[in-house]
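Written below as structure tokens is the structure these notes are about.
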Amino acid sequence: MKEKLAQLIHSALETAQQQGDLPAFDIPDITIERPKDPTHGDFACTVALGLARVARMAPAKIAAAIIANMEKPDFVADVSVAGPGFINIRLATAWFAEQVQRVLNAGDAFGRINRGGGRRVQVEFISANPTGPLTFGSGRNAVLGDALASVLDAAGYAVEREYYLNDVGNQMNIFARSFRSRYAEILGYADRYPFPEDGYPGDYLIEMAQELAAEVGDAYLNLPEDESVATFHREGLARMVARIKADAELLGIRFDSWFSEASLYEDGTYQKVYDMLQSNGQLLEKDGAIWFKGESEDDKDNVIVRSDGRPTYFASDIAYIYNKLVTRKFDRAIYVWGADHHGHVARLKAAARALGLDDSRITIILYQLVALERDGKPVRMGKRSKFVTLKEVVEEIGADATRFMLLTRSADSQMTLDLGLAVKQSNDNPVYYVQYGHARIASLFRKAEEEGVSPVNAKLTLLKHPAELELIRQILRLEEVVERAAETLAPHHLTYYAQELATAFHSFYHSCRVVGDNPALSSARLALVQAAKIALANTLHLMGMSAPEEM
RNA sequence: GCGCCCGUAGCUCAAUGGAUAGAGCAUCAGUCUUCGGAACUGACGGUUGGGGGUUCGAAUCCCUCCGGGCGUGCCA
């Protein structure tokens, strides 16, 4: 619709110039906006304001000239000039009524648009080290990444969700040795493998060790050192990944792939990118280590191979981006990172450029970390202290409320969350307002069935009450919201839209009797309500939440 | 010190450079004999941290100051 209107205004400008109503100038791109204030119409256009200088005319006069030369098809009810030169467009009520049928026909697919054109996008998120259960801190990452993936999918991209497993390196070795100590302890040989000084203290390792001991007995107690560490590394990783997978599923999140960092070394990718950088002269040796050169004087160098020969995490990152963009040919790679990693953005892109890749294919979504409090007192999230797990929070306040709470704020907002307050207030969570709208509609359909009212073959042009039209407008907005969320990679728009849609429904419900004594009107309203149900359900599902039939 | 992010109503947060800066919660005042009251309607509430600048137009862009967060490792 926006494109159609832009086209109309574009040709109106041409006509106006031919008629001599406007001087000659290049016609700019026309953007159609949606006014914040609904009394300004359904759509608005600001070209006249921008043309004031080039046309040397008052914007209001330009707008008037455009309107005078504009074609007005049936779906346009009114076009007018307002304020300093806005062109406000109001659509015909009949057009709105007909759109209800389009929504009904689309069903689950309503809200899907073709912005992406099937381009392949990978969204990599969470990717927390597999050394412990997911913390609540990872929750924001999880919810953002998953909703982003859903939105991009709805916008017509071919999306894959990926979890990057840091299954090599120092932290994993400490994890493996911590796991081994717990295992030995359980079997009564605590002295054999003393707990590492900076080991992982959580109870989950004890539970995992109990499982292992129950499965294999003392078979892993007397292995040669190398094999021993490797064994606990392997066993610990497999168990930890299973737990992380289960934690993610508590929020309804499933990954298409779990990508192993180790595989980058095993399949030669790391060696390949190393050779590429080497032959391009991007590497330098200093203090016994290998560095990736900064691009300028004040751009610092970064170590990729330590002086003891072990590659750094950054080395893996370089191989990984090559794998994403070259080996697996994703058109676009999206990373969801906590703001504490923002220092890595520039060097990752620089490394990609050094490999000859277009860094605009890489997007890093940085979100501010969630600070936790309980009853006004800060809760530390470090690995040595007792951290708050995602599971605890979800079990306390529910998956839907947790998701909604974390999704409502834009990634840039730094939030401190009081867990005590969150639990206390979880009943006020706006998600229930939205879900209640959906359940209420489901209930309406049960009622309608009893009364023998059906939305089939409804005469939609009967819909003309202001509350009906407002509800239709809100329903139709879903497509714009998906587009905007996909374009700005900001799924929090969905949460606000969901509430506005629910408000339009509740308000309609209050002022318009659906199942009443006028059968034709009842049928038309039922069709509208069905469209509202579709829009609510699709929005909830995009956010990863349930759309209950009753609650 | 330098870099990035943030500062909007009492609280939590929105607002593709556009019109009178909006929601939820809280507070106050109303609505219902019928489809689910987890609802609806309204009121109160603002120098968008301060000060400059760009623009026809700035919460939004630029500069500066104040305040907060995060970075600035041969950690991840």
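The sequence lines fix the lettering, A, B, ..., with proteins before strands; numbering per chain opens at 1. These numbers come from the heavy atoms of this one structure, side chains and all, not from hydrogens, waters or symmetry mates.
- Summarising the base pairing, A19(B) is matched to no nucleotide, lacking a Watson-Crick or G-U wobble pair whose two defining distances lie under 3.5 Å.
- C75(B) atom P lies 15 Å from atom CG of Asn129(A), rounded to whole Å.
- For the pair Ala439(A) and Asn166(A), nearest-nucleotide mapping onto RNA chain B gives the more 5' position to Ala439(A).
- For C75(B), the OP1/OP2 oxygens have no side-chain nitrogen or oxygen of Arg310(A) closer than 4.0 Å.
- Checking C40(B) for Watson-Crick or G-U wobble geometry (two distances, each under 3.5 Å) identifies G30(B) as its partner.
- Distances shown here put a side-chain N or O of Arg306(A) below 4.0 Å from the OP1 or OP2 atom of C75(B).
- Residue Ser307(A) places a side-chain atom within donor-acceptor reach of the base of C74(B), judged by atom type and a 3.5 Å distance cut-off alone.
- Pairing partner, G7(B): C66(B), with both Watson-Crick or wobble hydrogen-bond distances short of 3.5 Å.
- Taking atom CG of Asn88(A) as the reference point, atom P of U20(B) lies 13 Å away to the nearest angstrom.
- If you check C2(B) for Watson-Crick or wobble pairing at under 3.5 angstrom, you find it paired to G71(B).
- Computed from coordinates, the Lys36(A) NZ to A15(B) C1' distance equals 5 Å when rounded to whole Å.
- Remark: Lys447(A) is not in phosphate contact with G36(B), judged by side-chain N or O atoms under 4.0 Å from OP1 or OP2.
- A58(B): no Watson-Crick or G-U partner with both key distances under 3.5 Å is found in any strand.
- Of the two residues near RNA chain B, Tyr432(A) and Gln499(A), the one whose nearest nucleotide lies more 5' is Gln499(A).
- When the shell of 6.0 Å around CG of Asp308(A) is examined, it contains more than 12 heavy atoms from other residues, nucleotides or ligands.
- In this structure, Tyr509(A) does not reach the U34(B) phosphate: none of its side-chain N or O atoms is under 4.0 Å from OP1 or OP2.
- Applying the salt bridge (Lys or Arg N to Asp or Glu O under 4.0 Å) test to every pair with at least one member in residues 513-522 of chain A, sequence neighbours left out, gives no pairs at all.
- Classification of Arg446(A) and Glu450(A) as a salt-bridged pair fails, no side-chain N sitting under 4.0 Å from a carboxylate O.
- Here Ser507(A) reaches the OP1 or OP2 of U41(B): one of its side-chain N or O atoms lies under 4.0 Å away.
- If you check every strand for non-hydrogen atoms under 4.0 Å, Arg513(A) touches a base.
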